[in-house]
Undergrad: 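Encoded as structure tokens, here's the structure I'll be asking about.
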Amino acid sequence: MSTPTPPENHTIVVPTARPPVSFDRGAGVIARVVETLPLSPGVYRMLSFDGDVLYVGKARQLKRRVANYTNANGLPVRIRRMVAETASMEIITTHTEVEALLLEANLIKKLLPRYNVLLRDDKSFLNIFITGDHAYPQLTKHRGARNRKGDYFGPFASAGAVERTVQALQRIFLLRTCSDTIFSGRTRPCLQYQIKRCCAPCVGKVSETEYGDLIDSAKSVLLGRSRDIHEKLTQQMQAAAEILDYEAAAKFRDRIRALATILQRQDINTLDFADADVFALAQIGGQSCLQVFFFRNGSNYGNHAYYPAHDDQTTPGEILASFIAQFYDERLPPPLLLLSDPVEEEGWLAEALSVKAERKVSIQVPKRGSKADVVKHAVTNAKDALERRLAEKATQRSLLDQVARIFALPAPPQRIEVYDNSHIQGTNAIGAMIVAGPDGFQKNAYRTWTIKGEDLTPGDDFGMMKEVLTRRFSRALKEDPDRQGGSWPDLVVIDGGAGQLGAAVAVMEAVGVADLPLVCIAKGQDRESGREDFYLPGKTPFKLPPQDPALYYIQRLRDEAHRFAIGTHRAKRQKAQIKSELDEVPGIGPNRRKALLHHFGSVRAITRAGLSDLEQVPGISKTVAKKIYDHFHGGS
């Protein structure tokens, strides 16, 4: 179920003109808005004088909820500060309270308001997928929408856990992991059969019924019935040994050992519930860590740590409620949520999640029994993770202090931007920027630029860097001329030597940001790591001691920029190759191209596909399939 969009009968309250700085801010603005508000549910946004969203909130009754902000004496310091900055408000009424909660979560994730609890490092978790539209189902990893017919098992908290589980299932049940295209094109068993990770159904080494039994057993393991399969394999091994078929017994033994790896990882199991997510909060020194554990079919599918951004005065209940609403904005909740702390408006949150999941979702804060033990274990993990993070941040602060000392900065940098280019003889040229600070790499701030300069000669790295820096800082000046936001760097690092430094200095002066600290880092003789030269405007190049921790830190920044630039360049080059080959075929647009790639996996597989295979692709008619086949096979 998708997140509701604002209903048609919504009300938006926005000042028609920018209010005077000296008057129209704070409780007075809010009081005037309250006069026009209904007693219906909805979502409100508080805006600063510059139009930035300060806070997004929900309400059962808008008029009463927003009116609370007009009495500053009863508000926490954090809320009073927010009210003082409020210059206008936007109001959206909704049909129901549940719709207001879901819309609030959607807007918080989209707008990232300063005074809300923000979910950081959100991601789409991996699942294990067994296809359901083939006589011999495929075992594979899956991320994203569940559009294809089959069985999905997850979510798993890490890609490593999925990879290990898939490999174990291969060794136990000899299931195929190849795509349908590769499967249909095989004439003899592949390497997976030779190393005993596949039973080669592609060439008839196993019947459809026998393979179906293997698939059913694999599903049983993924559904938490591993011990039943373990007993079955043990009985088969003993039966083979009794008739002196030691080769078969050895095969069953190896499969039992592989199954043991899955049993060992299911270290927290409970009989009290099948599917549940556990949310455990730990706080130290104003910092918070939320550990989310995933349980499916009574088995532990792993965990992931989050570090939500919030104000020091935000309560655990507020953090959990806001976090959970955002967490399930783009994913379906299980039937049960186990929490370490009570949340505000628990019934409202449970009702909203039930609407989204289209089934009942309950929220519990267990105090005793196995459920409480699971939550306690999760809280311990949250505390341990937070302590490690605080220790890492202390080390990070020390490194930033050293960077400030080395490059004569007035204070430890809070935002370091590192730039690099990537291209092959000038083609598919990309400029990339990565960002780092006290919390490590800020991947949501990474940026890339497609080099557009028509007057650049192929391979002109200086010209490319000039274009990237010009576009970056011209836009920054346009969006934030007073440099009040957090998007301005305290240090700019460029991968290059004296030539890159000269180009960068010229750009900074031309744009009008020559005061930004700038440094170029170039590998030394023989491009040996550890012998880098550092170039600063108006100073003699210098080296850092080979064992200097700050040197290792700057190398990490440089290498991350290089990795990001190369990865983006390769993706762009691959996309260009795909576009050039498929776009030559008449009748192939974006939707059909996507359907073909989803079905075959690669352009190369499409070019080799037979006519009957092409006709089986959803959305590809026989006429279009014939055009594709003739194009790649020279037909008339």
Side-chain angles (χ1 to χ4, degrees), residues 52 109-114 118-123 306-309 389 392-393 395-404 406-407 409-422 430-451 464-496 500-501 504 507-508 511 513 515-521 532 534 536 549-569 571:
D52 297 328
K109 289 189 68 175
K110 180 181 178 182
L111 301 174
L112 302 177
R114 188 189 318 164
L118 301 180
L119 169 58
R120 293 174 172 173
D121 304 321
D122 194 16
K123 61 189 290 186
Y306 293 89
Y307 303 93
R389 181 177 176 87
E392 291 169 359
K393 289 183 72 171
T395 303
Q396 188 84 355
R397 285 194 295 269
S398 174
L399 289 171
L400 294 175
D401 288 340
Q402 294 181 54
V403 169
I406 292 168
F407 299 119
L409 303 179
Q414 300 301 298
R415 180 183 172 104
I416 301 175
E417 294 184 357
V418 189
Y419 294 83
D420 194 11
N421 296 328
S422 183
I430 284 290
M433 175 193 80
I434 66 108
V435 180
D439 293 327
F441 293 118
Q442 301 172 18
K443 295 194 175 183
N444 61 341
Y446 285 15
R447 295 291 181 270
T448 59
W449 292 267
T450 298
I451 303 300
M464 293 178 188
M465 187 56 66
K466 283 182 179 180
E467 179 178 332
V468 168
L469 294 177
T470 299
R471 290 166 63 181
R472 159 70 177 109
F473 290 107
S474 294
R475 180 169 181 174
L477 280 173
K478 182 179 179 180
E479 294 179 346
D480 186 14
D482 298 328
R483 306 191 193 182
Q484 297 299 314
S487 61
W488 281 89
D490 300 307
L491 177 64
V492 175
V493 179
I494 296 174
D495 185 13
Q500 293 282 20
L501 178 65
V507 169
M508 299 299 202
V511 174
V513 291
D515 58 321
L516 288 179
L518 175 66
V519 59
C520 286
I521 174 174
E532 283 82 0
F534 292 89
L536 280 73
L551 174 61
Y552 288 127
Y553 177 66
I554 298 168
Q555 287 172 344
R556 281 181 55 211
L557 299 183
R558 188 263 322 274
D559 294 343
E560 171 68 2
H562 192 57
R563 178 203 64 79
F564 183 57
I566 288 179
T568 307
H569 164 72

Undergrad: What heavy-atom pair brings Leu469 and Ala504 nearest, and what distance separates the two atoms?
TA: CD1-CB, 3.6 Å
Undergrad: Mind checking what makes side-chain hydrogen bond (donor to acceptor under 3.5 Å, both in side chains) contact with Arg563, not counting sequence neighbours?
TA: Glu560
Undergrad: Quick one: list whatever passes side-chain hydrogen bond (donor to acceptor under 3.5 Å, both in side chains) with Arg483, sequence neighbours left out.
TA: Asp515
Undergrad: Starting at OG1 of Thr448, measure out to CD1 of Ile434 and round the result to the nearest 0.5 Å.
TA: 13.5 Å
Undergrad: Might you point out which heavy atoms bring Val403 and Pro413 nearest each other, and give the distance in Å?
TA: CG1-CG, 4.2 Å
Undergrad: With sequence neighbours left out, write down each residue that passes side chain to side chain contact (heavy atoms under 4.5 Å, CB included) with Asp401, or none if nothing qualifies.
TA: Pro412
Undergrad: With a cut-off of 3.5 Å and sequence neighbours excluded, list every side-chain donor-acceptor pair involving residues 485-496.
TA:
| residue | atom | partner | partner atom | Å |
| --- | --- | --- | --- | --- |
| Trp488 | NE1 | Asp480 | O | 3.3 |
| Asp490 | OD2 | Gln414 | N | 2.8 |
| Asp490 | OD2 | Arg415 | N | 3.1 |

Undergrad: Taking atom CG of Asp420 and atom CE of Met465, what is their separation to the nearest 0.5 Å?
TA: 6.5 Å
Undergrad: To the nearest 0.5 Å, tell me how far Glu532 CD sits from Ile521 CD1.
TA: 5.0 Å
Undergrad: Using side chain to side chain contact (heavy atoms under 4.5 Å, CB included) as the criterion, list what pairs up with Ile566, not counting sequence neighbours.
TA: Ser422, His562, Arg570
Undergrad: Suppose we screen for ring-ring contact (aromatic ring centres under 6.0 Å, His included). Which residues come up paired with Tyr446, at least two apart in sequence or across chains?
TA: Phe564
Undergrad: Which atom pair, heavy atoms only, marks the closest approach of Ala436 to Leu557?
TA: CB-CD2, 3.6 Å
Undergrad: Taking ring-ring contact (aromatic ring centres under 6.0 Å, His included) as the definition, give me every residue that meets it alongside Tyr553, ordered by chain and number, with sequence neighbours left out.
TA: none
Undergrad: Just so I know, are the side chains of Ile416 and Leu400 near enough to count as touching, which here means a heavy-atom distance under 4.5 Å?
TA: yes
Undergrad: Does any part of the side chain of Tyr419, heavy atoms only, come nearer than 4.5 Å to the side chain of Gln500, both counted from C-beta?
TA: no
Undergrad: Please examine the side chains of Val507 and Val513, heavy atoms only from C-beta on, and report whether any two atoms are closer than 4.5 Å.
TA: no
Undergrad: Do you know the tightest heavy-atom contact between Ile430 and Ala565?
TA: CG2-O, 4.3 Å
Undergrad: If I take atom CZ from residue Arg558 and atom CD from residue Gln555, how far apart are they, to the nearest 0.5 angstrom?
TA: 5.5 Å
Undergrad: Do Arg472 and Glu417 make a side-chain contact, defined as non-hydrogen atoms from C-beta onward lying under 4.5 Å apart?
TA: yes
Undergrad: Tell me every residue that passes side chain to side chain contact (heavy atoms under 4.5 Å, CB included) with Ser398, counting only those two or more places apart in sequence or in another chain.
TA: Gln402
Undergrad: Does Leu536 form a side chain to side chain contact (heavy atoms under 4.5 Å, CB included) with Leu501? I'd like the steps, not just the answer.
TA: CA-CA 7 Å; Leu536 280 73; Leu501 178 65; 5.8 Å; no
Undergrad: Quick one: pull up CZ in Arg389 and CG in Asp439 and give me the separation to the nearest 0.5 Å.
TA: 5.0 Å
Undergrad: Rounded at 0.5 Å granularity, tell me how far CZ in Phe473 sits from CE in Met508.
TA: 4.0 Å
Undergrad: Which residues pass the side-chain hydrogen bond (donor to acceptor under 3.5 Å, both in side chains) test with Arg475, sequence neighbours left out?
TA: Glu479
